[in-house]
Amino acid sequence: MIAAMLLIAINWNNRNTKPWPVILSMMLLCATSSYGLAIAGMLALNWTIQFLCGERSLIKNKQRFAGLVLLLVFAIILLLNVLPAPGTYHGDFDIHGTATTSPAWVSVFNTWLVMPSETLFTSTLSDGNMQFIALTPSELFMPCVMSCLMWCFLIQICLRRKTASLLLTTYLGISVAFTAHLSMHHAGIILGFFIAILAIDCDIEKINSNDWPQWIRNLNNRVMTLLGPKKTERYLRFFKILGLIFMLVSVYWTASASICDIRYDYSSSRAVASFIKTNHLEQYRWMAGWTRVSKNDTASNPEINKIIDKGGYCGGTDCIDYTSWYGSTLIDSAPYFDHTLLANAYKGRSYSSWEWCVDPYAGKKDIETWKSWGEPEFYDTLYQPFFFSDLGYDRNHYTKIKIAETKTPWKSTWSEGACEIYVRNDIYENVLHSPDPGIDWPDGATRR
């Protein structure tokens with residue numbers, strides 16, 4: 001996505017004489033992400049407004065007109081493909097009803113005054129959905145200050161090159177797109193966009209001392225006169241080093257995260273797939289636990305409790321069962337296989353579906369169906385008694401093993417995790433024996 005934005009930037013200033021490189025780069029950007037659709041759309045809109053204001057004609061440049069029409073058709077096709085169908089994110093009720101989401105204006109605020117700083121200088125937030133993160137004034141202070149300084153720098157440079165409208169209107173489109181979904185790992189999109197804008201500006205005129213506001217240049221001349229040439233040179237060298245240190249913060253984050261990725265598994269997907277293939281376990285039945293929200297868990301949410309009291313969505317007692325939302329171990333490993341290994345996959349899909357409780361009693365029916373199949377050879381679930389008892393499984397018939405440990409980096413830190421599954425005892429004793437896949441066996445033995 002960032003590469004596509006850079007391709008647009010490289011060809012931007014020749015867009016009217018050679019439109020096809022920019023058009024094709026925009027099509028590539030559209031194909032990378034739904035956010036790419038928003039960015040390419042705003043860039044194309046700016047481009048169209050600019051030549052309409054100057055030429056007063058939409059079709060004067062035939063190649064440009066044909067390219068923009070093709071881009072529009074391509075973007076519409078992609079948009080129709082990625083737009084969620086009605087009810088995609090909820091059925092009769094939404095699991096996120098148990099959490100309070102931030103208003104849209106908060107998301108826009110964070111996009112403008114928190115995310116820019118988080119891309120380069122500050123590390124206030126961890127990776128997570130911004131719609132569920134509430135920041136205190138003290139947490140907002142430093143990101144807002146650094147973001148404002150970044151905006152002053154960018155706007156000043158763009159004003160001199162008459163690209164400020166391109167910067168601000170396109171970023172507005174990004175912030176609107178982010179109201180639908182915004183996670184901190186999307187911060188790279190913002191950094192890539194800023195770099196692309198600076199590349200466009202530098203193609204017009206390289207950044208130089210004239211980009212400083214006049215009052216700063218006047219102040220600088222007075223200070224240089226007072227200090228003299230030698231002290232001025234020392235201070236300039238000091239501020240250059242200080243600026244370099246600030247810029248090296250993000251380089252350190254990148255290096256730290258890269259080293260972590262090299263040394264440890266980012267996710268358990270490859271280790272789980274290797275474990276399954278090494279031991280030829282594709283032939284066995286794999287089941288996964290589902291998501292259950294109990295009444296006790298939602299005592300502070302009366303609306304959810306009212307729905308639970310109506311019944312119909314629980315395979316147990318006083319709960320809501322989301323049988324389309326199951327454990328992620330085999331979901332993460334799905335790309336390594338030509339079909340899903342989950343016997344209880346929702347509609348046979350190899351991904352977790354957002355269709356939550358679309359049909360009344362569906363959860364209860366699913367659990368009754370799964371129960372009729374008997375105990376599976378492998379069970380991927382967190383241990384809660386109902387995950388076994390509601391399906392008629394005996395916990396004593398299973399051995400819990402650890403397949404992989406993970407370390408997921410975020411800037412200069414990381415979070416640790418582990419992938420553990422339940423193996424039926426007869427499979428554990430008679431099948432998992434050769435070769436040793438490096439699992440931590442509970443009895444401490446090494447199997448060959």
Side-chain angles (χ1 to χ4, degrees), residues 34 81-82 84-85 87-91 95 181 265-293 313 315 320-359 361-384 386-388 390-393 397-406 408 417-424 426-428 431-432 437 439:
S34 55
N81 186 48
V82 302
T88 297
Y89 294 105
H90 57 83
I95 192 171
H181 179 69
D265 285 331
Y266 177 85
S267 76
S268 60
S269 57
R270 184 171 58 183
V272 171
S274 176
F275 168 73
I276 293 171
K277 291 182 177 181
T278 300
N279 293 283
H280 309 290
L281 306 178
E282 302 96 322
Q283 59 184 311
Y284 298 106
R285 182 155 55 91
W286 290 75
M287 295 286 288
W290 62 99
T291 299
R292 170 173 288 184
V293 178
Y313 292 95
I320 301 170
D321 281 319
Y322 297 92
T323 50
S324 62
W325 195 257
Y326 30 72
S328 64
T329 300
L330 290 179
I331 299 300
D332 294 341
S333 302
Y336 293 92
F337 301 95
D338 58 6
H339 66 285
T340 178
L341 299 183
L342 275 179
N344 61 333
Y346 181 69
K347 297 182 178 180
R349 296 171 179 172
S350 59
Y351 56 90
S352 294
S353 173
W354 287 89
E355 296 174 13
W356 291 323
C357 302
V358 175
D359 302 317
Y361 302 100
K364 188 172 184 178
K365 291 176 183 176
D366 286 340
I367 291 172
E368 288 176 352
T369 301
W370 300 344
K371 185 177 180 178
S372 68
W373 297 344
E375 293 182 340
E377 287 84 356
F378 296 91
Y379 193 20
D380 170 29
T381 185
L382 298 173
Y383 180 71
Q384 290 289 344
F386 65 81
F387 282 131
F388 287 85
D390 283 13
L391 295 180
Y393 301 168
H397 292 170
Y398 287 85
T399 299
K400 185 178 181 180
I401 65 171
K402 182 188 294 183
I403 298 178
E405 293 183 345
T406 61
T408 305
C419 175
E420 300 173 327
I421 61 170
Y422 291 90
V423 183
R424 206 171 64 196
D426 60 320
I427 301 296
Y428 173 78
V431 177
L432 297 178
I439 346 177

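What you see below is based on every heavy atom in this structure, not just the backbone, and it leaves out hydrogens, waters and symmetry mates.
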### Summary
So CZ of F337 and CD1 of I276: to nearest 0.5 Å the spacing works out to 4.0 Å
### Minimal non-hydrogen separation, L391 against K371, with atom names
O-CG, 3.3 Å
### Query
How long is the gap from CG on D366 to OH on Y346, to the nearest 0.5 Å?
8.5 Å
#### Entry: Test ring-ring contact (aromatic ring centres under 6.0 Å, His included) applied to F387 and Y379, W370, W290, Y398, the passing residue
W290
## Note on the structure
CD of E377 to CZ of R424, rounded to nearest 0.5 Å, is 4.5 Å
### Separation between CG of D380 and CG of L342, rounded to the nearest 0.5 Å
7.5 Å
### Summary
Residues A362 and T323: closest non-hydrogen pair is O-OG1, 4.5 Å
## Note on the structure
Smallest heavy-atom separation, R285 atom then A343 atom, equals CG-CB, 3.6 Å
#### Entry: Pair V272-Y336, side chain to side chain contact (heavy atoms under 4.5 Å, CB included): steps then yes or no
CA-CA 10 Å; V272 171; Y336 293 92; over 6 Å; no
### Q384 side, atom CD; D390 side, atom CG - distance, nearest 0.5 Å
11.0 Å
#### Entry: Closest heavy-atom pair and its distance - L341, L330
CB-CD1, 4.4 Å
#### Entry: Side chain to side chain, R349 and T340, heavy atoms closer than 4.5 Å
no
### Task
List the atom of S268, the atom of S333, and the distance in Å for their closest heavy-atom pair.
O-OG, 4.4 Å
#### Entry: Side-chain heavy atoms of D321 within contact of I367, under 4.5 Å
yes
### Summary
Value for SG (C419) from CD1 (I401), rounded to nearest 0.5 Å, stands at 9.0 Å
### Summary
Residues T278 and S274: closest non-hydrogen pair is OG1-O, 2.6 Å
### Query
Would the number of heavy atoms belonging to other residues, nucleotides or ligands and lying under 6.0 Å from CZ of R270 be above 12?
no
### Task
Determine, stepwise, if the pair Y422 / F388 fulfils ring pair (Phe, Tyr, Trp, His ring centres under 6.0 Å).
CA-CA 11 Å; Y422 291 90; F388 287 85; 5.2 Å; yes
